[in-house]
Novice: 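My structure is below; once you've seen it, I'll send some questions.
We count ligands from 1, going down the list as the structure has it; atoms in each ligand are counted the same way. Computed from heavy atoms alone, side chains included, the values below leave out hydrogens, waters and symmetry copies.
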Amino acid sequence: MKKIAICLTVMGAVLLTACGSKKSEPVATRSAEAKTLLAKMKAISDANTFMFGHQDDTAYGHSWKGYGEGAAADGRSDTRDVCGEYPGVIGFDLGHLELGHKQNLDGVPFDKMRREIIAQYERGGVVTLSWHLDNPLTGGDAWDYHDKGTVASILPGGEKHDEFMTRLGRVADFLASLVTKDGVKIPVLFRPWHEHTGSWFWWGQEICTTEQYKALWRMTYDFMQQRGLTNLLWAYSPGAEPRTQEQYFERYPGDDIIDVVGFDTYQGRNREDYVQTMARCLTLVTSCAQAHGKVAAVTETGYETTPDPTWWTGTLLPALGDAQVAYVLVWRNAWDRETHHYGIYPGHESEADFKEFYKNPRTVFVK
Ligand code: BMA
C-alpha cells in the first residue's frame, strides 16, 4: 500500500510539475502573421480608412467564372476590371468543405479557392472565410432551421458529435493547407456561426440557446487551436438585430476567442432604413469594439443589383459616416443568377460612381 502511495505521490508530483510548467509557458493562440494582420486592420481603421471587401471576387464575376469549362485565368476580378485594383479584402465561403466535397455550395472548387487565397495574401490583401455549412442533423442546408435540436446534437454527448468533429477536421485540413511556397501559414479571418441574432440558420437565435451557441463557438475554437491553426483570426458577426451592447454581447463567445466584431446588414428598397440601420449598428459595433479592445468591421453589406447609379458615394459612404471600421464587404456577383450581384462590374450603371468611391481617400484596395 505504502509503496503504491509513494508511487502515486511521485507520479502526482511529476504530473503537477508537468502541468505547472505547461501553464507557465504562454500558449501561442495567434501566429506572428495573424498578429500582424490584426495590427494592420487596426491601423487601417484607426486612420479613418477602410478596406473595400468583396465576396468571391476572384472566383467568378457577373459574366464569367474562374473554373470549369471556359474558365477565366486566375486573378480575374470584376473589381479590378473596373478600377485597376483588387479589393483589400476578399471573402470566400467554406460551405460543403465539411462534407468532403471538391466544390463549395456555390460551385467554387476548393483548389481554386486555395490558389486565390494565396494570391490575395501575396499581393498584400486580406482574406475572410464564411461558412454556410449544411445541417449536420437533418442533412438539409444551412437554412434548414426546423430542428431545434441541431446544435445540441453536435455538442459533446450529442448523437452527431463524432461525425461533426470529422467535418470540422476537414475544414481544419483545408485551413492548414493555406501556405505560401515559402512555407508561411497564411493568416485568415474566420467568420463562422454568423448572423446568429436572426433565426434563418440552424445556429440562429430562436433555434438554439445562448449556452448552446457559446458552446458551439468554444468547441470550434478549441478544435482549431488543438490542430495548431494559430493563423486564424476570429470574427463575431451578428445581424442588425441587437440594439444595445448587452444584446450585442448576449451570445459573444469571449474576448479570448474573438478578434473582430462586426455585423451584417443589407439595403432593401428603402434607402433611409438602410442609412439609419447602418448608423445604429456602426455606433453599437464601434463602441463594442472599443469596450473590448477589438477591431470593428462591416462584415457583410450591399444592395442586390445595386439599382442606384450613385450608390457607392451617395449611400454607402454617407452611411458609413466617420465610423472606424477595418473593412466593408459587399456580397458576391453570382455569374449564374442575373439579379444576384452586389459588387461592381464593367458596364454596371454605377461603374463611374464606383471609380469615385475607389478614389476616395478613405477606401483601401490592393494592386
Ligand atoms: C447567400 C446567397 C446564396 C449563397 C450563400 C453562400 O447569401 O448568395 O446564393 O449560396 O450566400 O455564398
Novice: For residues F201 and H132, establish whether the separation of their ring centroids is below 6.0 Å.
Specialist: yes
Novice: Nearest 0.5 Å please: distance from the CG atom of L94 over to the CG atom of N104.
Specialist: 8.0 Å
Novice: Taking NZ, NE, NH1 and NH2 as the nitrogens, is one of them in D259 or K294 under 4.0 Å from a carboxylate oxygen of the other?
Specialist: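 Result for this pair is no, no salt bridge flagged.
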Novice: Are I186 and I118 packed together at the side-chain level, in the sense that at least one heavy-atom pair is separated by less than 4.5 angstrom?
Specialist: yes
Novice: Name each N or O atom in ligand 1 that is under 3.5 Å from a protein N or O, and give the partner atom and the distance.
Specialist:
residue	atom	partner	partner atom	Å
ligand 1	7 (O)	W331	NE1	3.3
ligand 1	8 (O)	W331	NE1	3.0
ligand 1	8 (O)	R332	NE	2.8
ligand 1	8 (O)	H340	NE2	2.6
ligand 1	9 (O)	R332	NH2	2.8
ligand 1	9 (O)	R337	NH1	2.9
ligand 1	10 (O)	D106	OD1	2.5
ligand 1	11 (O)	W331	NE1	3.2
ligand 1	12 (O)	D106	OD2	2.6

Novice: Hey, what do you get for CZ (F354) to CH2 (W311), rounding to the nearest 0.5 Å?
Specialist: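 Between atom CZ of F354 and atom CH2 of W311 there are 10.0 Å.
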Novice: Do S45 and Q324 have side-chain atoms, one donor and one acceptor, less than 3.5 Å apart?
Specialist: no
